There are 2 protein chains.
Amino acid sequence: MVPMPDDRPFHHGNLRAVLLDQAETVLRERGIDALSLRELARAAGVSHGAPRSHFIDRAALLDALAERGFVRLADEIRGAAARASGDGAAGDGASGDGVSGDGAAVLRAAASAYVRFAAHESALLDLMFSAKADGPSEAVAGAAERLFAAMADIMAAGAETGAYDTRDVGRLTLLLSATVQGISALVTSGRITTDQSEALVDDAITVFLAGASAGR
Amino acid sequence: MVPMPDDRPFHHGNLRAVLLDQAETVLRERGIDALSLRELARAAGVSHGAPRSHFIDRAALLDALAERGFVRLADEIRGAAARASGDGAAGDGASGDGVSGDGAAVLRAAASAYVRFAAHESALLDLMFSAKADGPSEAVAGAAERLFAAMADIMAAGAETGAYDTRDVGRLTLLLSATVQGISALVTSGRITTDQSEALVDDAITVFLAGASAGR
DNA sequence: ACCTGAACACCGTTCAAGT
DNA sequence: ACCTGAACACCGTTCAAGT
């Protein structure tokens, strides 16, 4: 029953979130070139100068989008890994004691979720890894660290299964991160189809695990 | 002794090349956001409408830049691989009959050249793998194929050394391409230093070859 | 075939002013 | 603290006209 709190300033305190949500949609549907501050302001029903109260310039808005993207992507691969880890207990029982899914399945699930994100949010992922003239901002670098931390945690769990040596987790995390990002780049740039990307993820995990455990 | 052929239209038939060269420099020094058709025209000493005779719009210029980038990158990794292949004969003689360098060194050299390109031409590589709303143009897709073909040729040569099975060359080429592109993305986006990227290339080739030959 | 120059619509950014 | 609205400089694109 609460009426409209006031009338004019339709957005009060949440214009920032409204702009970011709308920007994400534009990014997804029409790409980064179609993203304009003035159009976002128009869509939100505010004047063209209003966004300035929340983003110093267009680059700041893009940075905020990239930041949110990293947080979302980190969450999604963590979720996928957790799900795959739990699935093991519900399997056919042939894989052992039913404690958890095997390490390969977990890595595959995480990598697969990453590449799926790339397919559905191509322009956003592109933005997240875009080459900036002066390097990434601190905020974006920090958010990117969260994605890397998620990869590291997933990899560390795999080391416990004995698939590779704990001492190598740092370097192997970086390598797997690069590989998954590379597969994603082939997807976002339209170089391979999503079907091909799924097969490529399988190959990547297979070769990665075989190579990582080769030193035993 | 040949005088200036005429006077006014300073560029005759090569304005296109002049624009592309200048655009590459701007890309390298100030990034893609600083790239404007009007500024390029000004720098070339022509009117702002002149570029239109060679590029239908800004996107067409960017496509042409990406195209040239793919051709250059393909050449560079071919050259690096050829050099590493030849180096083997000049080695310490311990590696065998002196016919050619070992497969790992060739792959490492090619991957290293790729990542070096990424470090020196960050904005260009970014453009080459950028997510376009309607997918890549045919011309760009064709140029990208040339890069992939270079990778495939290098990989095929490695198969002859018995490092991996010939039947797997197609899939392994795709995987190595993705991995190298991923490492490059970490470089262009400022996520890792060039020192880290060199170590990562080493790890990537080591794990890749160990994993690829694991099935024997 | 290639280039000029005017015209138009749109944009990012700044800033004094309002509430 | 947040938003308005005018102002400015710059841009991409179009197009009739020149050579």
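Chain letters run A, B, ... following the sequence lines, proteins first and then strands; every chain starts at 1. Please read these numbers as outputs of a predicted model, since none were measured by experiment.
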task: Identify which one of B:D75, B:V71, B:L73 satisfies the side chain to side chain contact (heavy atoms under 4.5 Å, CB included) criterion when paired with B:L147.
output: B:L73
Without decimals, in angstroms, what is the distance between [X] [atom1] and [N] [atom2]?
X: A:N14; N: D:dC2; atom1: CG; atom2: C1'; answer: 12 Å
X: A:H54; N: D:dC2; atom1: NE2; atom2: P; answer: 6 Å
X: A:R16; N: D:dA1; atom1: CZ; atom2: P; answer: 16 Å

Do you know which two heavy atoms are closest between [X] and [Y], and how far apart they sit?
X: B:L186; Y: A:A178; result: CD1-CB, 3.9 Å
X: B:V26; Y: B:A34; result: CG1-O, 3.8 Å
X: B:L125; Y: B:S184; result: CD2-CB, 3.6 Å

message: I'd like to know if A:R58 pairs up with B:D33 as an ion pair, taking the criterion as any Lys NZ or Arg NE/NH1/NH2 lying under 4.0 Å from an Asp or Glu carboxylate oxygen.
response: no
Distance, nearest 0.5 Å, that separates OG1 of B:T179 from CD1 of B:I205: 8.0 Å
statement: Output for pair (A:E121 CD, A:R72 CZ), nearest 0.5 Å, gives 4.5 Å
task: List the protein contact pattern of nucleotides 12-19 of chain D with one symbol per nucleotide (5' to 3'): B for base contact, S for sugar-phosphate-only contact, - for none; contact means a heavy-atom distance under 4.0 Å.
output: BBB-----
- request: Under 4.0 Å between any heavy atoms, over every strand shown, what does A:R42 touch: base, sugar-phosphate, or nothing? Just pick one.
  value: sugar-phosphate
query: B:F129 ring centre to A:R191 NZ or CZ under 6.0 Å, with the angle to the axis within 45°?
result: yes
task: Hunt down any stem DNA chain C takes part in, defined as 3 or more consecutive Watson-Crick or G-U pairs whose two distances are each under 3.5 Å.
output: C:4-8 with D:12-16, C:12-16 with D:4-8
- prompt: Do A:S112 side-chain atoms and A:A109 backbone N/O form a donor-acceptor pair below 3.5 Å?
  reply: no
message: Keeping B:S85 on the side-chain end and B:A82 on the backbone end, is there a donor-acceptor pair under 3.5 Å?
response: no
message: Is there a side-chain contact between A:V201 and A:Y114 in this structure, where contact means two heavy atoms from C-beta onward sitting under 4.5 Å apart?
response: no
Presence of B:S47 side-chain N/O under 4.0 Å of C:dT4 phosphate oxygens OP1/OP2: yes
message: Which residues in residues 130-137 of chain B have a heavy atom closer than 4.0 Å to any atom of DNA chain D?
response: none
